[in-house]
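Just so you know, ligand 1 is whichever comes first in the structure, and atom 1 is the first atom listed for that ligand.
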Amino acid sequence: MQVAVTLSADDHDCHLRIHDDGVGLPKEWKLRPDAFGLRGVLERIAQLGGNLFIKGKPGDGVTIAAKVPLSRITVPG
Ligand SMILES: Nc1ncnc2c1ncn2[C@@H]1O[C@H](COP(=O)(O)OP(=O)(O)OP(=O)(O)O)[C@@H](O)[C@H]1O
Ligand SMILES: [Mg+2]
């Protein structure tokens with residue numbers, strides 16, 4: 001399996017995109033109430049005023065894209 005990660009920014013937002021060519025997602029896939037991985041990511045991104053997009057089809061890999069306003073990103077130190 002191959003995974004491609006890109007991180008970029010425009011004037012307003014930071015963009016993270018992760019794409020894999022794995023098994024993809026079932027047709028009616030939804031976040032499960034008992035699974036915390038992607039839900040945890042979603043909630044943290046939302047808390048930063050951003051949004052998360054999860055897309056996948058059966059057999060066609062998964063793409064996860066996150067956008068976060070640069071104004072909400074702080075560098076420690
Ligand atoms: N890149 C991916 N390719 C295919 N399926 C995925 C991918 N990422 C997540 N999934 C599917 O989404 C489900 C939810 O993922 P998530 O990480 O939220 O929970 P989990 O790993 O099942 O449980 P937890 O993270 O709580 O231990 C996974 O069980 C899997 O079926
Ligand atoms: Mg997980």
- Query: Step by step, would you call Thr6 with Leu16 a side chain to side chain contact (heavy atoms under 4.5 Å, CB included)?
  - Reply: CA-CA 6 Å; Thr6 60; Leu16 173 66; over 6 Å; no
So is [X] polar-close to ligand 1, meaning N/O to N/O under 3.5 Å?
X     : result
Leu38 : yes
Trp29 : yes
Val62 : no
Gly37 : yes

- Query: What part of Leu25, side chain, backbone, both or neither, has a heavy atom within less than 4.0 angstrom of ligand 1?
  - Reply: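 Only the side chain of Leu25 comes within reach of ligand 1.
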- Item | Proximity of Asp20 to ligand 1 by residue part, where a heavy atom lies under 4.0 Å |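 The part of Asp20 near ligand 1 is the side chain, not the backbone.
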How about [X] and [Y]: do any of their side-chain heavy atoms sit closer than 4.5 Å?
X     : Y     : value
His15 : Asp13 : yes
Cys14 : Leu7  : yes
Arg17 : Thr63 : yes

- Query: Counting from 1, what ligand 1 atoms have a heavy atom of Arg32 closer than 4.0 Å?
  - Reply: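 Listed by number with element, the hits are 22 (O), 29 (O).
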- Item | Option with minimal heavy-atom separation from atom 4 (C) of ligand 1, where the choices are Ala35, Gly40, Gly22, Gly24 |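 When every heavy atom of Ala35, Gly40, Gly22, Gly24 is considered, Gly24 comes closest to atom 4 (C) of ligand 1.
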